[in-house]
Asker: 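Before anything else, here's the structure in question.
When reading the values below, keep in mind they use all heavy atoms of this one structure, side chains included, and skip hydrogens, waters and symmetry mates. Proteins get letters first, then strands, A, B, ... in listed order; numbering begins at 1 in each.
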Amino acid sequence: MKLNPAQDQAVHFIGGPCLVLAGAGSGKTRVITNKIAYLVRKCDYKARNIAAVTFTNKAAREMKERVLQTLSKSEARGLMVSTFHSLGLDIIRREHKTLNLKAGFTLFDDQDQLALLKDLTEQELDGDKEALSRLVSTISNWKNDLVLPTRAARIAQDPEQVLFAECYARYQRQMKAYNALDFDDLILMPTLLLKTNDEVRQFWQNKIRYLLVDEYQDTNASQYELVKLIAGERARFTVVGDDDQSIYSWRGARPQNLVLLKDDYPQLKVIMLEQNYRSRGQILQCANILIANNPHDFEKKLFSDMAYEAPVRVLFAKNEEHEAERVVAEIMGHKFMNGAKFGQYAILYRGNHQSRLLEKQLMTNRIPYKISGGTSFFSRTEVKDMMAYLRLLVNPDDDNAFLRVVNTPRREIGPTSLEKLGTYANSRGKSLFAASFEIGLEQTLDGRGLMAVRAFCNWLVRRGEEAARGGAQDAVRDMIKDINYEEWLYESSPSPRAAEMRMQNVSTIFKWVSQMLEGSELEDAMTLPEVVIRLTLRDMMERGEDEDDGEQVQLMTLHSSKGLEFPYVFMVGMEEGLLPHQSSIDEDNIEEERRLAYVGITRAQQALTFTLCRERRQYGEQIRPEPSRFLLELPQQELDWEHNRKPPSETERMEKGQASVANLRAMFKK
DNA sequence: CAGAGGAGCCTTTTT
DNA sequence: GGCTCCTCTG
């Protein structure tokens, strides 16, 4: 397919900084992949000097695939396609000495982070959950704004901020002792380093000679800075974004970065992609009209040549079980009539918890499905345990991991022993592991407890040495064997069936680790420390044998659907309180929710179906939700409300204002 | 020290 | 309503 004039311009402009404002479905991935090909084939760039950065692993994977459809393997060799966080990790790994980090550092996920902060603030916050979560987000915001503890203390506004700054300093010291980093550090540390260290900056500017950033509207302050530092004076970069798809402001994303770029680079070339190649007419109409309710920095209007065909439907369900039943029945019926593949259907929802009933329903009907995103796999105890063991193998000073598995399976190391060990370690400023070997410990902890702890630590040393000697595979295998984990699973699981499932998950992890250690045609072999970090970054789902034969219904949150497209899309739970989410209604943050709805709608190619419930159970309580305001904002002539329960016409709504909602509610109760 | 049972929380979204 | 963490008991 030929590029349209705007796309063509976006691909071929390489003389300076370039901003591409790309509406949903306007072919931005095509622009990026074509541009990479253009740089390599026509402009004498080496693939290894080009980096393309996205936000999610899914997007990075997809882009890799797309590039390999355009470029041959040898042409693409060395091309860097990764998430911001992986790029940061690459920089840290190369510069870890300058950053004063030991090689086998651990990456703390948010649960580890939370546990540590809770521990560190026991006296001040005393388990006050709200304050704790404020602390977590305050620290994260500071890091995203490149604010270090000393400056945090200086800019603190009120007593709580002063306290938080002090906790922040404590937290950083402790992380150092654990040889651990958190997610925000993966951006913060490279950015600060590149800012202050000329030599390092030059190296990376020389390495990355052309930078492409996808989903630019999702960058936060430190990522914005990182882009600028890498691009340097020459400012050879292309960023692609859509302010209407900015759905991550809650984690520090600043869509204003799109506007800011104009000020920082007066020579910035701005290109708009407005032709949509994805969605049927009605669907695009819905998207356009919905998003017109938001204020805009850049006016853009998507248009399309695609035909109008089936209208967008709105289905009602009695309750959430019924909703799941209906969606699944719709999919089965539609598939039967049209001979589509299950993989062409996607079910999108606001919150992860909504997947449960859908899963159940799909399972009862023996429909294959795939849930992407969500934390379920990594939040299973057996998976967490295995991760903790792997982390200890690489970095025994990781106290969180230590505490998690020191007595799993049972090693006769109870809370009393651990408390004694903890107090001692604390007083010595050492990790639990390091403290275990000290002579001084014997005054606090003795006898069986001490023996058991030391036995465990010695075992860790042995396995760690084996891994460091290069036998990472063997070390991991021996580790699982040594701890008799399988036996422990059968002992501790409610049924043999459950134990089997759990062992499956353990095997999955083991399989992933092996594959990553060995590498593949497309990916270099990794070292064990790296494997462990990449697992924490969730940077590895389904590599190797692709069971994805296009026969799995796709389930995901609206957030993780961004950047994807599906022939048939269901958006479930279109109710006030769910979408828009109640907390966003309370905080008067409807615009972002509207963008979220916009993202969902624009995923659909052929058909779009909304569903909503008349009754829903929430915290065990029965509620009668109202239909989402977004449904009412859509162009009603394009909508097919089931049973012809159309809400009042546009003019009627204008005249009656609020009354339309009441009408609709009355209609519901029939 | 382990398992059972209860209190209390929860449902925003991700790297 | 269901999950996790905590406490109490054996």
Asker: Taking any heavy-atom pair under 4.0 Å as a contact, classify A:S86: base, sugar-phosphate, or nothing.
Answerer: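 A:S86: no heavy atom of the nucleic acid under 4.0 Å.
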
Asker: Can you check the A:Q618 CD to B:dC9 P distance for me, whole Å?
Answerer: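 Answer to the nearest Å: 17 Å.
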
Asker: Quick one: which of C:dG1, B:dT13, B:dT11 gets closest to the side chain of A:W250?
Answerer: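 The nucleotide sitting nearest to the side chain is B:dT13.
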
Asker: Restricting to ring-ring contact (aromatic ring centres under 6.0 Å, His included), what partner residues turn up for A:F630, sequence neighbours left out?
Answerer: none

Asker: Please walk me through it: do A:F456 and A:F402 pass ring pair (Phe, Tyr, Trp, His ring centres under 6.0 Å)?
Answerer: CA-CA 10 Å; A:F456 177 62; A:F402 190 98; 5.5 Å; yes

Asker: Are OP1 or OP2 of B:dT14 and a side-chain N or O of A:N57 less than 4.0 angstrom apart?
Answerer: no

Asker: Without decimals, in angstroms, what is the distance between A:I623 CD1 and C:dG1 C1'?
Answerer: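 Rounding to the nearest Å, CD1 of A:I623 and C1' of C:dG1 are 13 Å apart.
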
Asker: Find the distance A:D182:CG to B:dT14:P and express it as a whole number of Å.
Answerer: 18 Å

Asker: Check the distance between B:dT14's C1' and A:R61's CZ and give it to me in whole angstrom.
Answerer: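 The distance from CZ of A:R61 to C1' of B:dT14 comes to 14 Å, rounded to the nearest Å.
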
Asker: Considering only side-chain heavy atoms of A:F183, which listed nucleotide, B:dT15, B:dT11, B:dT13, is closest?
Answerer: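 Taking heavy atoms from C-beta onward, the closest nucleotide is B:dT15.
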
Asker: Looking at residues at least two apart in the chain, or sitting in another chain, which of them share a side-chain hydrogen bond (donor to acceptor under 3.5 Å, both in side chains) with A:Y369?
Answerer: A:E359

Asker: Starting at atom CG of A:N144, determine the distance to atom C1' of B:dT14, rounded to an integer number of angstrom.
Answerer: 12 Å

Asker: For atom P, what is the distance between C:dT4 and B:dT13, given to the nearest Å?
Answerer: 15 Å

Asker: Would A:F55 and A:H85 count as a close aromatic pair, with their ring centres under 6.0 Å?
Answerer: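 Between A:F55 and A:H85, the centre distance exceeds or equals 6.0 Å.
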
Asker: Nearest of B:dT15, B:dT13, C:dC3 to any side-chain atom of A:L537?
Answerer: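 Of the candidates, B:dT15 comes closest.
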
Asker: NA contact type, A:D110, heavy-atom cut-off 4.0 Å: base, sugar-phosphate, or nothing?
Answerer: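 Here A:D110 touches the bases of the nucleic acid.
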
Asker: Is any side-chain N of the basic residue among A:K318 and A:E615 closer than 4.0 Å to the acidic one's carboxylate O?
Answerer: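 No.
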
Asker: If the cut-off is 4.0 Å, is A:T557 near the phosphate of B:dT14, judged by side-chain N/O to OP1 or OP2?
Answerer: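 Checking A:T557 against B:dT14: at least one side-chain N or O falls below 4.0 Å of OP1 or OP2.
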
Asker: A:F55 CZ to B:dT15 P: how many Å, rounded?
Answerer: 11 Å

Asker: Using whole Å, what does the distance between atom C1' of nucleotide C:dG1 and atom CG of A:L357 come to?
Answerer: 11 Å

Asker: Between A:T83 and A:L578, name the one whose nearest nucleotide on DNA chain B is closer to the 5' end.
Answerer: A:L578

Asker: Taking the side chain of A:R356 as its heavy atoms from C-beta onward, which of C:dC3, B:dT11, B:dT15 lies nearest to it?
Answerer: C:dC3

Asker: Hey, does the side chain of A:N352 come within less than 4.0 Å of B:dT11's phosphate (OP1/OP2), counting only N and O?
Answerer: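 Looking at the OP1 and OP2 atoms of B:dT11, neither is under 4.0 Å from any side-chain N or O of A:N352.
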
Asker: Decide if atom CD of A:Q622 counts as having more than 12 heavy atoms of other residues, nucleotides or ligands within a radius under 6.0 Å.
Answerer: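 Yes, the 6.0 Å shell around CD holds more than 12 heavy atoms from other groups.
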
Asker: By the 4.0 Å heavy-atom rule, please label A:R251 as base, sugar-phosphate, or nothing.
Answerer: base

Asker: Touch check for A:Y248, heavy atoms < 4.0 angstrom, all strands: base, sugar-phosphate only, or nothing?
Answerer: sugar-phosphate

Asker: What is the distance from CZ of A:R616 to P of B:dT11, rounded to the nearest Å?
Answerer: 16 Å

